[in-house]
Amino acid sequence: MSRKETLTFPPTSIPPLTPYLPPLNKPKKPWVTLTYATSLDASLSLAPGVRTTLSGPHSKAMTHYLRTQHAAILVGVGTAMADDPALNSRLEGIISLDQQPRPIILDPRGRWAFTAENKVFQLAARGEGKAPFILVSREEEEEEEEEEASITTQQEQEKILQSVGGKYIPVEICSETRRFRWRDVLKALAEEELDSVMVEGGGEVINSLLVEPENQLVDSVIVTIAPTWLGQGGVVVSPTRKENAPQLKLREVSWQPHGEDVVLCGKISRT
Ligand SMILES: NC(=O)c1ccc[n+]([C@@H]2O[C@H](COP(=O)([O-])OP(=O)(O)OC[C@H]3O[C@@H](n4cnc5c(N)ncnc54)[C@H](O)[C@@H]3O)[C@@H](O)[C@H]2O)c1
Ligand SMILES: Nc1nc(=O)c(N)c(NC[C@H](O)[C@H](O)[C@H](O)COP(=O)(O)O)[nH]1
């Protein structure tokens, strides 16, 4: 990635997106925008762990505009490991770090073997993005203390994290699902004064957020649909449907063409 690469997003494309973005008067709960790029067969990538470009240049620029409109950008550790994402905005005209979102990575079991070479740390060190906050399981932290090798790795990683201004944030794990409850994730963000978050993926993150009742925490959905099929074996967006749960639908829907892609915006229907 060249340091000078920037993306241009035409100002005329901004007004149609505004109703789906965090309002100026922020609600108490952090605003949640769920946003991702999908193929025609609902895949996010060719296979787990495989970085797959779906967005064309126009919708990519839109994503980078969205990144400037949120206090935080959240991905799961599967995405962190597969994509080595930068999680900053490379939109043209960004002049200050304040315009960058805070990267949040869900890594309950501390699987991400990151080093200072990972993009997000390189960018944070150069002041081109904020340092990540990594949400880890409270319980797992205690278990790991028993293993000396993992203590060393964890300490080295904590040093890397802290050297750029990042940190680990312990969050309680739900004993039933072995995941964080999304309301606890949002509480942790609110405690960091992050009042809006765009959730970018991957599959497990999106599917766990779209199940009932977690999906009630989602304020808007912005999906880029790329004109391609990825075929079977991909990472698919298809949340588990709970018995008697209402059909999950969008309301206030708008379809916006961005180059060869179409961007679908909506809000989760509550009826
Ligand atoms: N097209 C897109 O917009 C897009 C976006 C992001 C990722 N991707 C792709 O998706 C793939 C990764 O998806 P994936 O499903 O394998 O991984 P993921 O990014 O969803 O990460 C999964 C991991 O995150 C953690 N996690 C997820 N939900 C959690 C929750 N509610 N509570 C606690 N921890 C949670 C768990 O450790 C889990 O194993 C990659 O191939 C990546 O390239 C595509
Ligand atoms: N909008 C979008 N279009 C895509 O085609 C694609 N593959 C992603 N994937 C989202 C995921 O969060 C990736 O990890 C980041 O897109 C990595 O990109 P950065 O290095 O952070 O710019 N997102």
Side-chain angles (χ1 to χ4, degrees), residues 1 5-7 33-39 42-67 73-91 100-101 103-112 118-120 122-123 128-130 132 134-140 169-174 176-186 188 198-211 214-215 217 221-226 228 230 233-240 258-261 263:
M1 179 181 54
E5 185 208 348
T6 55
L7 299 151
T33 306
L34 172 60
T35 179
Y36 57 91
T38 177
S39 66
S43 275
L44 297 171
S45 65
L46 281 163
V50 177
R51 186 175 177 137
T52 308
T53 298
L54 286 164
S55 304
H58 293 76
S59 58
K60 182 175 174 183
M62 180 208 65
T63 297
H64 283 254
Y65 167 72
L66 298 182
R67 288 179 179 190
I73 174 170
L74 182 149
V75 295
V77 62
T79 299
M81 295 197 302
D83 293 4
D84 185 20
L87 301 176
N88 70 342
S89 175
R90 273 102 67 199
L91 197 70
Q100 294 288 356
I104 306 290
I105 291 140
L106 300 191
D107 188 10
R109 283 174 286 282
R111 280 164 56 208
W112 190 24
N118 281 103
K119 270 187 211 154
V120 75
Q122 295 276 314
L123 290 165
E128 293 173 33
K130 288 189 178 139
I134 305 179
L135 271 50
V136 291
S137 149
R138 258 193 200 127
E139 295 78 1
E140 213 70 39
I169 301 180
V171 174
E172 192 188 329
I173 278 278
C174 166
E176 203 183 308
T177 62
R178 305 303 300 156
R179 289 196 177 117
F180 301 136
R181 292 175 196 88
W182 278 95
R183 63 159 196 268
D184 291 337
V185 170
L186 297 186
M198 59 188 279
V199 176
E200 275 207 3
E204 203 176 320
V205 163
I206 297 170
N207 288 325
S208 75
L209 183 57
L210 280 177
V211 293
E214 309 283 50
N215 60 40
L217 298 168
V221 179
I222 303 179
V223 180
T224 295
I225 302 167
T228 180
L230 291 182
V235 175
V236 171
V237 175
S238 182
T240 305
H258 285 263
E260 293 192 333
D261 302 334
V263 172

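Just so you know, ligand 1 is whichever comes first in the structure, and atom 1 is the first atom listed for that ligand. Here the structure is a predicted model, which means the values were calculated and not measured.
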Per-residue contact class, Leu54 against ligand 1 - non-hydrogen pairs under 4.0 Å: side chain
Side-chain donor/acceptor of Asp261 to backbone N/O of Thr224, under 3.5 Å: no
Identity and separation of the nearest protein heavy atom to atom 23 (C) of ligand 1: Val77 CG1, 3.6 Å
Gly78 N/O to ligand 1 N/O under 3.5 Å: yes
Ligand-side contact atoms (ligand 1) for residue partner Leu106, heavy atom cut-off under 4.0 Å: 24 (O), 25 (C), 29 (C), 30 (C), 35 (C)
Heteroatom distance test (Tyr36, ligand 2): nitrogen or oxygen, under 3.5 angstrom: no
Reported OG1-to-CD1 distance for the pair Thr33 and Ile73, which is rounded to 0.5 angstrom: 11.0 Å
CG on Leu66 to CG on Leu91, rounded to 0.5 Å: 10.0 Å
Any N/O pair Pro85/ligand 2 closer than 3.5 Å: no
Heteroatom proximity flag, Thr53 to ligand 2, N/O under 3.5 Å: no
Nearest non-hydrogen protein atom, atom 13 (O) of ligand 1: Gly203 N, 3.2 Å
N or O pair under 3.5 Å between Arg67 and ligand 2: yes
Contact with ligand 2 for Lys60, non-hydrogen, under 4.0 angstrom: no
Heavy-atom nearest neighbour in the protein, as seen from atom 30 (C) of ligand 1, with distance rounded to 0.1 Å: Arg179 CD, 3.6 Å
Atom 32 (N) of ligand 1: the protein heavy-atom neighbour that sits closest, reported with distance to 0.1 Å: Phe180 N, 2.9 Å
Numbering as shown, the atoms of ligand 2 that approach Ala86 to under 4.0 Å (heavy-atom distance): 19 (P), 20 (O), 21 (O)
N/O donor-acceptor pair under 3.5 Å between Ser137 side chain and Ile173 backbone: no
Atoms in ligand 1 with a heavy atom of Tyr36 nearer than 4.0 Å: 3 (O)
Heteroatom distance test (Ser208, ligand 1): nitrogen or oxygen, under 3.5 angstrom: yes
Closest approach of any protein heavy atom to atom 43 (O) of ligand 1, naming residue and atom: Asp83 OD1, 2.7 Å
N-O pairing of Glu200 and Arg67 below 4.0 Å: yes
Atom 39 (O) of ligand 1 - nearest protein heavy atom and its distance: Arg111 NH1, 2.9 Å
Heavy-atom gap Val75 to ligand 2 smaller than 4.0 Å: yes
Ligand-residue contact atoms, ligand 1 with Ala37, heavy atoms, under 4.0 Å: 1 (N), 2 (C), 3 (O)
Polar proximity ligand 1 side, Val205 side, N/O cut 3.5 Å exclusive: yes
Heteroatom proximity flag, Leu54 to ligand 2, N/O under 3.5 Å: yes
Min N/O separation Leu44 to ligand 1 under 3.5 Å: yes
Numbering as shown, the atoms of ligand 1 that approach Trp182 to under 4.0 Å (heavy-atom distance): 31 (N)
Heavy-atom side-chain contact between Val75 and Leu106 under 4.5 Å: no
Contacting atoms of ligand 2, where contact means under 4.0 angstrom from a heavy atom of Arg51: 17 (C), 18 (O), 20 (O)
Asp107 N/O under 3.5 Å from ligand 1 N/O: no
Short side-chain to backbone donor-acceptor contact, Asp184 and Phe180, under 3.5 Å: no
Ala47 contact mode with ligand 1 (heavy-atom cut-off under 4.0 Å): backbone
Nitrogen or oxygen of Thr52 less than 3.5 angstrom from that of ligand 1: no
From Ile206 atom CD1 to Asn215 atom CG, the distance as rounded to the nearest 0.5 Å: 13.5 Å
Test of proximity, Lys119 against ligand 2: N or O pairs below 3.5 Å: no
Atom 10 (O) of ligand 1 [closest protein heavy-atom partner, distance rounded to 0.1 Å]: Gly202 CA, 3.8 Å
Min N/O separation Asn88 to ligand 2 under 3.5 Å: no
Within-shell test, Val50 vs ligand 1, heavy atom, strictly < 4.0 Å: yes
Top protein contact for atom 19 (O) of ligand 1, by heavy-atom distance: Thr79 OG1, 2.6 Å
Residues Arg183, Glu214: salt bridge by 4.0 Å N-O rule: no
Close-contact set for ligand 1 against Gly49 heavy atoms, below 4.0 Å: 41 (O)
N/O separation below 3.5 Å, Asp83 to ligand 2: yes
Selected option - heavy-atom contact closest to atom 37 (O) of ligand 1, from Ser43, Pro108, Gly201, Cys174: Pro108
